[in-house]
Amino acid sequence: MPGLKIRELSFSYDGTKILKNINLDFKEGEKTFILGGNGEGKTTLLEHLNGLLQPNTGDIYFGDQKITYDDSCLNKLRQEIGVLFQNPENQIVAPKVPQDIGVGPCNLGLTQEQVKNRINNSLKKLDIKELAERKTHNLSVGEKKKVCIAGLLAMKPSTLVLDEPLSSLDPKSSREVIDIIQNLNQEEGKTIIIATHNIGFASKIADKVIIMEEGKVKESGSPENILRKDILNKYSLKPPGLNMNKIHK
Amino acid sequence: MTTLSRKLRSHTLSQKNNLGLTSNQKIFFSIFTLFINISLKEVHSILLVLLFMTSLTIWSGIRIKNYFKVMLVPLFFLIPSIAIIMFIRGTNIVFTINLLGIQLHVMREGINLGLILLLRALAGVSCLYFLILTTPIEEMIQSFRKIKLPNVVIEILFLSYKLIFDLADRAEILKRSLNSKLGFNSIKNSFKSISLFTSSLFVNSIDRSIKINKALDARCCNGKMPSPNILEEKKGINKKISISFLVLITFDLILIALKII
């Protein structure tokens, strides 16, 4: 499972520079957290990793292979790197849970039997078999997030890119999603890249933390070095009432 | 809160099949009846289609209240058009309206034509509502694939289905939000609110289509929607289905006979 490299990546939209000279390395099997406030470019960066956006300048490498944005390269990239959107409503495209999970495998041209197997495996892996008969519009936000993650897993990716996976979730659903992420990383060795502004979440499971501000990578390192009071205060990331003594693992 | 769009979505996904018809039979019957309805000229025949299709839809499980709410949608467009026909068609004046010194004559022929058009349009809509509200979308798509409808039409249908319900949900949210801000407490505010509502809905529809496109791209979509009926079991045809279908076809034959007589 190769890692991801970003070199000198810049991206502008409507004349506004959103990402500026980003250089990053995501090692395989590592859990990397990208922290930053709203509008700092986290989501835009994640969308580049799946090839949904093409940089104006700079390159992205998956292993040793440079992403070229032709159809075959994008298909390979999107099989290997699954992206979870912040709002699950934007990710679900089919009216029923199994159909939605099966959209990706169907697009890969698998046989009906193989698609069914992948759907069942994903449902089993996330322990959501009870959702198999449900319609997607009737699910709660937590259930929708899990269905979206199941959809990613059905593609058998080596890397999961998750945009605010805990947003709008209650504590129970948050715990469940954290457990799922941990299991996928520890048991299957999947590389995890998470964009969030939830410091507590990052402190629990991160192997590496990156702080972004105004489209630039400002800090990068281990959680022990980055999740410090002075650094979090500098980037206005410390939530009110957060006890810094309890933050590290 | 269960919204109307949510209830209707449940119906379009419903596996409930009170009539015991297959989706192929429903498509055939509703389209065939729609074509017969277009050719009907007598008010009583058109009324018969409207009542029969309405009863069938309600019998299939949709609540009467919800059915009449969705029937209000075509009326919103039909009533202004028909009102104009009443003024411009015919020579026999029934009564005259004085509007700011301008004499507007309502004609007998206009009223007759308007009434027939109104009923025919509603009967046509009732045929389509019968199909839409009683047939799960995936079954409908499966049937369309069987009759070799071009893939692009099926994809547009599937995406429109998703977008329509997303927009209906968004419309309900916007309406509630405007209500909470007293957006409809006076005629002036209502006009302002409706303009905000429409522009916001338009922007939202574009935004949703971009996001759906991204979601499909992220899952290796090559421009062709995967079959959403991948897990559907093929259903056998039983005796009840055949009897129900025969009853419906008999209705169509009666309509044809009425037209000939």
Side-chain angles (χ1 to χ4, degrees), chain A residues 43 46-47 49-53 71-72 74-116 118-120 132-138 148 151-152 154-155 157 161, chain B residues 1-16 135-142 155 157-170 172-173 204 207-234:
Chain A
T43 300
L46 295 195
E47 288 186 355
L49 300 181
N50 185 263
L52 290 172
L53 292 175
D71 284 349
S72 68
L74 283 178
N75 260 348
K76 205 175 158 196
L77 180 76
R78 287 169 181 163
Q79 270 182 64
E80 287 291 338
I81 301 175
V83 63
L84 176 80
F85 298 159
Q86 184 173 354
N87 183 357
E89 295 283 353
N90 295 337
Q91 189 139 20
I92 289 173
V93 289
K96 287 186 175 174
V97 169
Q99 289 165 0
D100 191 74
I101 297 172
V103 166
C106 279
N107 284 331
L108 296 179
L110 302 178
T111 64
Q112 192 149 328
E113 204 53 43
Q114 287 170 321
V115 173
K116 273 186 189 177
R118 286 207 181 190
I119 293 167
N120 288 333
E133 301 297 318
R134 300 271 299 274
K135 292 152 195 168
T136 50
H137 72 279
N138 280 337
C148 291
L152 302 188
M155 302 279 277
V161 175
Chain B
M1 187 179 166
T2 315
T3 59
L4 179 64
S5 71
R6 204 166 260 261
K7 283 176 195 165
L8 291 178
R9 182 152 35 179
S10 295
H11 275 290
T12 60
L13 290 169
S14 171
Q15 295 299 312
K16 230 183 347 182
T135 318
I137 184 76
E138 59 266 37
E139 280 186 20
M140 221 189 290
I141 288 174
Q142 202 174 15
E155 281 163 21
L157 178 84
F158 186 62
L159 288 174
S160 310
Y161 163 82
K162 177 153 179 64
L163 274 173
I164 282 169
F165 282 112
D166 281 344
L167 278 183
D169 283 344
R170 183 72 194 151
E172 300 226 19
I173 291 166
N204 200 262
D207 185 51
R208 290 294 300 158
S209 64
I210 292 170
K211 281 171 178 161
I212 288 177
N213 198 31
K214 264 189 186 172
L216 289 168
D217 275 350
R219 289 152 95 175
C220 297
C221 186
N222 53 2
K224 192 179 164 189
M225 276 294 290
S227 168
N229 53 0
I230 191 90
L231 295 176
E232 290 306 314
E233 301 292 331
K234 287 194 173 150

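Throughout, a chain's letter reflects where its sequence line sits, starting with A, and its residues are numbered from 1.
Every residue meeting the side chain to side chain donor-acceptor pair (under 3.5 Å) condition with A:E47, not counting sequence neighbours, appears here in chain and number order: B:K214. Remark: B:R208 engages B:D166 in a salt bridge (Lys or Arg N to Asp or Glu O under 4.0 Å) (not counting sequence neighbours).
For a residue to count as touching a neighbouring chain, one of its non-hydrogen atoms must lie under 4.5 Å from one of that chain's; by this rule A:L84 does not touch chain B. Both the backbone and the side chain of A:N90 come within contact range of chain B, each with at least one heavy atom under 4.5 Å from a heavy atom of that chain.
Heavy-atom pairs under 4.5 Å with chain B peak, among A:N87, A:L74, A:D100, at A:D100.
Summarising the local packing, CG of B:D207 is surrounded by more than 12 heavy atoms from other residues, nucleotides or ligands at distances under 6.0 Å.
Between the CG atom in B:D217 and the CG atom in A:L53 there is a gap of 10.0 Å [rounded to 0.5 Å].
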